[in-house]
Amino acid sequence: MTTDATRLPERTRLDARRAARRFVEPEGFLDALAKLLGSRAVVLAGPSGSGRRTAATVLLDRLGGLHLVEIAVDDEATLARHPVAAKEGYLLDLTTADDATVEQVGAALPEFTAALDQEDSSLVVIVDNDRAAGFEAVRLPAPEPGEVLKAHLEGEEFDPLPTKPPTTAAEAVRLAELLASIEDPRLVAGAYDHWRGRLRKQFDQHEDVPWRALLLAAAFLEGAHQDVVDAAADALLAETRYDGPRPHPLAGPGLAARLAGVGAFSGTVTFATPGYAEAVIDYVWTQFPTLREPLVDWLIALPARLCEDDSARLPARLIGLGAPAVVKAVAAWSESAVPLARRLLAAAALDPAIGPDIRRAIKDWSGRRDLPPALSEVAIAVCGGELGNRFPHIALTRLGSFVRRPELTDQVAAALSTMAGESQFAQVVTRLARWLRETDRARRALAVRALLDEAAAQPQHRDTLLNLLVQAAGGRPAELGALDLAAFEWRRDGGSADVHDQLQAKLNGVDPLLRSAISS
């Protein structure tokens with residue numbers, strides 16, 4: 001369960017330098033490299049936790065001179081329609097993809113590989129072992145965990161290890177991170193085991209609900225003031241309809257003593273043991289399944305009681321509870337706490353564990369005519385921002401569905417403008433050019449408007465964008481006339497006079513007979 005908010009963005013990026021420095025080369029790696037050098041694309045297969053992603057990143061880095069980027073596809077945003085840029089090293093992880101997506105990738109791979117060759121780019125695809133048969137995959141066995149541990153500790157040794165030796169590469173990486181970050185090695189074993197033994201003992205000793213509610217509130221709001229945690233614990237009791245005995249406000253130990261009783265410091269509430277808050281949440285979520293729904297409802301209601309800084313602690317915790325909890329929270333917060341809803345949806349859409357599920361949820365939302373406007377606007381903003389920056393192919397496909405609702409045109413146009421201004425200009429223009437050729441009137445109209453907006457915002461590309469508009473009409477009088485009218489309406493609604501005049505000049509340069517037809 002991922003709950004560390006500070007690591008969410010970094011875990012989605014291809015850090016080739018870090019991967020290469022600590023990489024233990026598995027058997028078959030050189031075969032994969034040779035295949036990649038010879039054919040521009042290779043499919044890697046291996047067991048979960050074996051370092052497949054690291055191996056894929058290092059493979060692309062070994063080619064040299066490539067800009068490494070992860071891409072994502074699905075049954076709507078297909079690999080066949082994914083653009084290929086020059087000197088790019090693409091990583092495509094299909095380990096959580098559905099069968100339809102895997103099948104369309106397999107069908108599109110030969111043609112996509114040809115496009116890679118033309119652009120001097122390369123692709124590494126990752127699949128599970130049980131899907132390797134559908135590709136000419138290179139199987140990479142898991143590296144020896146002890147070797148991985150040594151590589152990540154950069155020569156340091158802990159003899160004996162304070163815990164059981166790791167059994168997978170992923171466990172070795174996690175243990176190395178704990179050994180490097182925790183000063184007292186005696187605490188490493190507990191953190192490595194997610195404090196399960198301690199938590200079992202603590203819960204056996206404390207069956208009273210208020211004690212457990214305070215522990216949970218401290219775990220979810222670690223770093224908040226003690227009064228905030230105490231109030232949140234009371235809210236959790238109310239949410240779960242606790243009707244047990246409540247002591248008089250002056251009875252029993254004070255708040256500092258009660259917090260100490262759950263293992264937390266008072267004042268700014270923190271736990272003395274590393275990783276304990278995450279372990280508490282994981283333990284309760286696993287061991288008390290009937291609590292899950294009211295727990296999520298409690299978290300959703302908390303921002304109304306919290307300041308902005310304390311509310312900001314919640315998205316990472318919710319991501320750790322899985323995609324259904326995130327979807328429910330985003331839907332609720334889109335009506336009452338929009339910045340929080342966007343922060344949660346953006347982080348979840350990029351999360352390595354639940355990201356594919358969240359991106360599928362956005363796909364479902366984009367096709368629903370009955371989706372509440374507030375939720376639609378949050379999803380569109382994330383597509384134009386964080387998701388569009390990381391996975392533009394997916395984001396543009398979602399925006400292309402949202403635009404079919406006329407009331408969302410302005411929001412989609414703003415999202416496209418954001419994407420175009422943040423390093424995704426080429427992909428946005430390519431997609432708009434495709435929409436110009438489609439029969440879908442909503443997409444065509446938005447494409448015209450968006451291209452005119454970009455022509456105004458980016459003068460260095462203006463001539464190219466205006467030529468694209470004129471060329472898309474293909475010399476057909478009806479479409480040229482529609483473009484003329486759309487440009488007039490755009491200018492009337494506040495568009496740039498200079499851009500409008502330049503487009504008019506290009507239209508005036510069309511064959512006089514066509515120009516006459518346009519005017520009529």
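Along the sequence shown, the residues carry numbers beginning at 1.
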Student: Are the charged groups of Arg305 and Asp310 less than 4.0 angstrom apart, N to O?
Tutor: no
Student: How far apart are the closest heavy atoms of Gly384 and Thr418, and which atoms are they?
Tutor: O-CG2, 3.4 Å
Student: Does a side-chain N-to-carboxylate-O contact under 4.0 Å join Glu70 and Arg53?
Tutor: yes
Student: Quick check: do Pro210 and Tyr242 have side-chain heavy atoms less than 4.5 Å from each other?
Tutor: yes
Student: Quick one: does Asp128's side chain get under 4.5 Å of Leu94's, heavy atoms only?
Tutor: no
Student: Give a yes or no on whether Gln287 atom CD has more than 12 heavy-atom contacts from other residues, nucleotides or ligands under 6.0 Å away.
Tutor: yes
Student: Can you name the one residue among Phe265, Tyr276, Trp195 that meets ring pair (Phe, Tyr, Trp, His ring centres under 6.0 Å) with Phe271?
Tutor: Tyr276
Student: For Glu183, I'd like to know if atom CD has over 12 heavy atoms of other residues, nucleotides or ligands within 6.0 Å.
Tutor: no
Student: Less than 4.0 angstrom from a charged side-chain N to a carboxylate O is my criterion; do Asp193 and Arg198 meet it?
Tutor: no
Student: Is there a side-chain contact between Ser366 and Thr397 (heavy atoms, below 4.5 Å)?
Tutor: no
Student: Give a yes or no on whether a salt bridge exists between Lys201 and Asp204, defined as a side-chain N under 4.0 angstrom from a carboxylate O.
Tutor: no
Student: With side chains defined as the heavy atoms from C-beta onward, is the minimum distance between Leu215 and Phe203 less than 4.5 Å?
Tutor: yes
Student: May I ask you to check whether over 12 heavy atoms, not counting those of Asp227, lie within 6.0 Å of atom CG?
Tutor: yes
Student: Distance only, no hydrogens: is a donor on one side chain within 3.5 Å (strictly under) of an acceptor on the other, for Arg81 and His393?
Tutor: no
Student: Should the heavy atoms of other residues, nucleotides or ligands under 6.0 Å from CD of Glu25 be counted, would the total exceed 12?
Tutor: yes
Student: Is there side-chain contact between Tyr283 and Gln202, with heavy atoms separated by less than 4.5 Å?
Tutor: no
Student: Just wondering, do Leu295 and Leu216 contact through their side chains at under 4.5 Å, heavy atoms?
Tutor: yes
Student: Apply ring-ring contact (aromatic ring centres under 6.0 Å, His included) to Tyr192 and list each qualifying residue two or more places apart in sequence or on a separate chain.
Tutor: none
Student: Do the rings of Phe220 and Trp298 sit parallel, tilted or perpendicular, given the 30° and 60° boundaries?
Tutor: perpendicular
Student: Please examine the side chains of Phe112 and Val105, heavy atoms only from C-beta on, and report whether any two atoms are closer than 4.5 Å.
Tutor: no
Student: Which residue pairs pass the side-chain hydrogen bond (donor to acceptor under 3.5 Å, both in side chains) test with at least one member in residues 134-147, sequence neighbours excluded?
Tutor: Asn129-Arg139
Student: For a 4.5 angstrom cut-off between non-hydrogen side-chain atoms, does Phe288 reach Arg212?
Tutor: yes
Student: Holding to ring-ring contact (aromatic ring centres under 6.0 Å, His included), I want the full list of residues that pass it with Phe425, two or more places apart in sequence or in another chain.
Tutor: His461
